Each structure stands twice: as structure tokens, then as C-alpha cells.
Protein chains: 2
Amino acid sequence: MSLSQAKVGAPEIRPGSQDSRDEILKAAMHLFASRGFHETSMSEVAREARVSKALIFWHFKTKEELFVAVLNRLLEPYFIDFAEEAGALDERAQIQKLVEFYLLFVRDNASSVRFFIAQMLHDQHFAEGLSDQVLKLYSGYRAMLVELIARGQERNLCSRRFTAEAAAGFLLSALNGILIEHLFMMQNRPLDPESAVAMVAGWLFGEEIRTDNAGGKAVA
Amino acid sequence: MSLSQAKVGAPEIRPGSQDSRDEILKAAMHLFASRGFHETSMSEVAREARVSKALIFWHFKTKEELFVAVLNRLLEPYFIDFAEEAGALDERAQIQKLVEFYLLFVRDNASSVRFFIAQMLHDQHFAEGLSDQVLKLYSGYRAMLVELIARGQERNLCSRRFTAEAAAGFLLSALNGILIEHLFMMQNRPLDPESAVAMVAGWLFGEEIRTDNAGGKAVA
DNA sequence: ATGCCTGCTAACCATTCGGTCAATCGTCAC
DNA sequence: GTGACGATTGACCGAATGGTTAGCAGGCAT
């Protein structure tokens with residue numbers, strides 16, 4: 001991106017191999033994510049990275065290898081630990097934090113989330129390895145939810161209408177639904193986590209939420 | 001192609017232009033939906049349809065035109081009227097029917113639904129026209145939900161914890177979440193609408209559902 | 001100096017792509 | 001018959017693609 005010279009501010013005295021490799025990755029990341037694999041040519045990547053096409057093939061054997069490298073790079077921010085950060089809270093607050101975390105992450109990484117979902121829906125096998133990584137992440141999040149809800153139910157903090165597994169499954173579905181709705185509507189509405197968390201709380205904890213009288217701020 | 005004569009089983013007395021056009025569309029439908037636009041070449045379509053490549057360009061001016069024709073064809077089954085079919089039922093039963101309808105449709109048209117979602121996530125603009133059609137369909141369904149819930153709330157059949165709009169939005173998100181989970185897990189689980197409908201009912205109508213004692217059939 | 005290895009490039013290659021075109025075949029009208 | 005016309009084809013085209021190769025600049029050890 002950034003027309004004209006990108007790094008005029010950061011004087012690149014010595015070329016360095018890692019440097020060029022990184023710029024290739026950045027360019028490829030941008031192009032693959034915004035256009036897709038087949039719609040992006042190596043020449044375009046070379047042009048955007050301001051290197052020769054041959055250099056790309058010197059760093060990465062094939063286009064697929066570059067693609068996989070890009071995928072791994074895009075996946076990095078997904079691996080922050082969403083545990084630990086809320087130890088002293090009770091289950092209810094922890095669940096709300098977890099839900100809020102999910103929504104905030106989606107909001108802040110919308111473009112890469114969109115890219116991954118589109119890619120996984122498109123290429124069923126999809127380099128296989130990546131799909132596994134994503135799935136592992138997903139089921140990890142689910143497991144945390146299940147356990148929190150189960151503990152919450154033991155302490156009578158959560159509704160017991162469903163098993164913890166069923167409740168977590170439904171909750172996760174709702175989150176995913178909010179996610180894709182956000183991906184489609186993107187420019188229209190900004191996805192505010194507050195109302196979604198309120199919905200979830202109302203459902204899971206059986207709370208009463210007034211939306212039709214004074215106090216304003218309807219939950220829509 | 002096709003060794004020996006191709007259609008010995010179905011006697012094709014006169015070739016007919018509509019016939020070849022249809023086979024081209026069928027072949028393109030299959031290839032576009034399973035591989036995608038850029039990954040499908042006109043030669044492949046020609047081979048699968050057992051016609052010459054030039055004939056495709058006689059029927060359709062460009063590859064894009066063929067693609068749009070395929071999209072419209074794939075979209076046809078989406079336009080059955082999901083109104084009318086449940087007139088005498090009360091709001092609660094109608095909502096359940098509507099939810100069930102959504103889930104059954106998704107289950108039976110999973111591959112084309114997957115294709116549309118992937119396509120719309122991938123090509124932001126996406127031929128513009130199609131996106132509009134899909135959006136109209138979607139908001140039509142949403143409007144029906146909102147009105148049903150509102151009427152249900154008036155008659156005290158539905159929980160009033162949320163506004164009808166908020167409830168419908170959240171419900172729709174849950175359905176969409178179930179949808180994409182189904183698209184990803186596809187081969188693993190078969191998406192049974194029963195349990196999903198039960199979850200929705202529990203949430204929307206405030207029902208108690210026993211899952212942890214006698215009566216069997218856990219809702220998971 | 002002389003190799004030598006890393007980083008890098010211009011030019012090239014084979015293949016495939018979307019698309020065109022002149023020519024054919026079959027059928028109906030006259 | 002013969003022309004007209006819709007349907008159909010093989011052969012072809014320029015552009016673009018993923019990938020290769022020969023070679024060059026320059027630091028660094030001998």
C-alpha cells in the first residue's frame with residue numbers, strides 16, 4: 001500500500017535478506033487477503049513488494065508455499081492466550097468477558113477473519129494443516145465455554161435449562177451468527193459488543209432487561 | 001469426448017439449441033460451485049458439457065455472463081414462498097415452523113448455500129445485483145420473524161425480555177451460526193433441526209426443558 | 001587477486017487462459 | 001436445388017501466468 005516510496009523514513013542502509021522476505025510477505029498478505037489466491041499473480045506481489053519476481057521464488061519455492069506462509073502470518077494474532085486474564089471473577093463475569101473478547105477480536109480483525117472463513121468455505125481441504133489449526137483454536141474456545149457454564153450451573157449462577165454442552169453450543173452459534181452478520185453488514189453497523197453481551201446474559205442467566213421504558217439505549 | 005456415442009440412453013432426435021445451452025449451464029453450475037470462478041476454465045466447462053468451447057461463447061458472450069447465469073440458476077430454489085403455508089397456527093407454532101424451515105432448507109441446499117456465502121465473502125461487490133437479491137431475501141425472512149414475534153408478544157406467547165427487533169436479530173444470528181457450523185462440520189454431524197428448534201423455543205418462550213432427568217433424549 | 005556464497009535481477013520459457021473467426025452441418029422455405 | 005439461418009466446430013490469437021536460468025554485485029575468508 002502507501003503510494004510512493006514506503007520506507008523512505010526508515011533508511012535501509014544494507015539490504016538484508018530478512019528484510020526483503022518480510023516485504024514480500026507483507027505485500028502477499030495484503031494482496032492474498034484482499035483478492036484471494038488465484039486472483040493474485042506473483043508479478044503483482046513482486047510489484048507491490050518492489051522486488052523482482054525471481055526473488056520471490058528464491059525465498060519461496062512455489063506460490064503455494066508463499067500462500068501458506070501468509071496464512072500462518074495472518075493466524076498469529078489469533079494465538080494470544082484468552083485464559084488467565086480473568087482469574088478472580090466469578091463464572092458469570094468470566095463468561096461475559098469471554099463473549100466480549102470474542103466480539104472485540106472479531107471486530108478488530110474483521111478482514112482477516114473474513115478471509116479465513118471465505119477460504120475455508122471455498123477450498124474444502126485448504127492445505128489441511130491450517131484448517132486443523134483453526135479448528136483446534138475453535139474447539140479450545142468452546143471447551144472453555146462449556147467448563148465455565150458447567151461450573152456456573154453448579155453454583156446456580158446459570159440457567160439449568162440445558163446441558164452445559166448444549167448451552168455452549170447454542171451460545172457459540174449465536175456468536176458465529178453475529179460474526180457473519182457483522183462481516184456482511186460491515187460498513188453499515190459497527191457491531192457493538194455491549195448489546196450482544198446483554199442478549200447473551202439475558203438468555204444464559206435469565207435476567208430481566210428493560211428495553212421499553214426510561215433509560216434509553218434500546219438493545220437493538 | 002465421451003467414448004462411443006454420448007447419449008445413447010436418452011435418444012436425442014433433434015439437437016436443439018436450448019438443450020446444449022442447458023447442458024453448458026449444468027456443467028458450469030457444477031464446476032463453478034465446486035471449484036469457484038477463477039479456478040474453473042472455459043475449456044473445462046466445455047469438456048464437462050461435451051461441447052466445443054466456441055459454442056459456450058456463442059451462448060454466453062463472456063465468462064462473467066455465464067457465471068451470472070449460473071448464479072441465477074442456483075438462486076432459483078431460494079424463491080419458494082415461505083409464507084402462506086402455515087396460516088391457522090398460532091404465532092408460537094409459526095415461529096417454530098419458520099425456524100424449522102430455515103434449517104431444513106440449509107440442510108438440503110448446503111452446497112449451494114456454502115457457495116453463495118463463500119462468494120459473497122470473497123468478492124465484496126460480487127456482481128452487485130446478486131448480492132441485492134440475496135439481501136432482499138434475507139431481510140424478508142427477518143421481517144417475517146420480527147412481525148411474528150411482535151404479535152406473539154402482544155398475546156403474551158413470547159418472552160418480552162427484548163424488543164421484537166432485538167429478539168429476531170439475535171434469533172437470526174443463532175440460526176446463521178448454526179448454519180455456518182453446519183457448513184464447516186458438514187460431514188461430521190448431520191444438523192438435526194429438532195434440537196435447534198427446542199433451543200430456540202426454550203429461549204424465546206421461556207419454557208422449561210428437562211435434560212438431566214428421566215424422559216431421555218438429551219437436547220445436545 | 002581469487003574464489004565463493006548470499007541476495008538479487010532481466011530475460012526467457014512453456015503452458016494456459018479468455019476470446020475470435022472462418023468454415024461447416026442440418027433444416028426449413030421457396 | 002438453393003439460399004438463409006441457427007447451431008456447432010477446430011484452429012488460432014495475444015496476453016498473462018507460474019516458474020527457470022544465467023548471470024551480476026558485493027561482502028568475506030583464504
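Per chain, numbering begins at 1; letters A, B, ... match sequence-line order. Bear in mind that the values here come from a model prediction, so they are computed numbers and not experimental data. Every heavy atom of this structure was used, including side-chain atoms; hydrogens, water molecules and symmetry mates were not.
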* Asked: So, the side chain of B:His122 versus the backbone of A:Phe115: is there a donor-acceptor pair under 3.5 Å, distance only?
  -> no

* Asked: Between the main-chain N or O of B:Leu183 and the side-chain N or O of B:Arg114, is there a donor-acceptor pair closer than 3.5 Å?
  -> yes

Among [options], find the nucleotide with the atom closest to the side chain of [X].
X       : options                : result
A:Phe57 : D:dG19, C:dG18, D:dT17 : D:dG19
B:Ser52 : C:dA10, D:dG18, D:dT9  : D:dT9
B:Lys53 : C:dT9, C:dG19, D:dG18  : C:dG19
B:Glu64 : D:dG19, D:dT8, C:dG19  : C:dG19
A:His59 : D:dG18, C:dC17, C:dC8  : C:dC8
A:Thr62 : C:dG19, D:dT8, D:dG19  : D:dG19
A:Val51 : C:dT9, D:dG18, D:dT8   : C:dT9
B:Ser41 : C:dC17, C:dT9, D:dT17  : C:dC17
B:Trp58 : C:dT20, D:dG19, D:dT8  : D:dT8

* Asked: Got A:Leu66 and A:Met42 here, is their nearest side-chain heavy-atom distance under 4.5 Å?
  -> yes

* To do: Evaluate the side-chain proximity of B:Phe184 to A:Leu121: yes if any heavy-atom separation is below 4.5 Å, no if none is.
  => yes

Whole angstrom is fine here: how far is it from [atom1] in [X] over to [atom2] in [N]?
X       : N      : atom1 : atom2 : value
B:Met42 : D:dT8  : CE    : P     : 16 Å
A:Arg21 : C:dT6  : CZ    : P     : 15 Å
A:Leu55 : C:dT6  : CG    : C1'   : 11 Å
B:Arg47 : D:dG10 : CZ    : P     : 14 Å
B:Ile24 : D:dA7  : CD1   : P     : 11 Å
A:Glu39 : D:dG18 : CD    : P     : 11 Å
A:Ile56 : C:dG7  : CD1   : P     : 16 Å
B:Phe60 : C:dG18 : CZ    : P     : 15 Å

N/O-N/O pairs, protein side and nucleotides 21-27 of chain D side, under 3.5 Å:
none

* Does A:Ser20 put a side-chain nitrogen or oxygen below 4.0 Å from OP1 or OP2 of C:dC8? -> yes

Report all side-chain donor-acceptor pairs from residues 54-61 of chain A shorter than 3.5 Å, counting only partners two or more places apart or in another chain.
unit_1, atom_1, unit_2, atom_2, d
A:His59, NE2, A:Ser20, OG, 2.9

* **is_close_aromatic(B:Phe162, B:Phe170), centroid dist under 6.0 Å** => no

* Is there a donor-acceptor contact under 3.5 Å linking the side chains of A:Tyr138 and A:Gln133? -> no

* Approximate separation, where rounding is to 0.5 Å, of A:Leu175 CG and A:Leu103 CG -> 5.5 Å

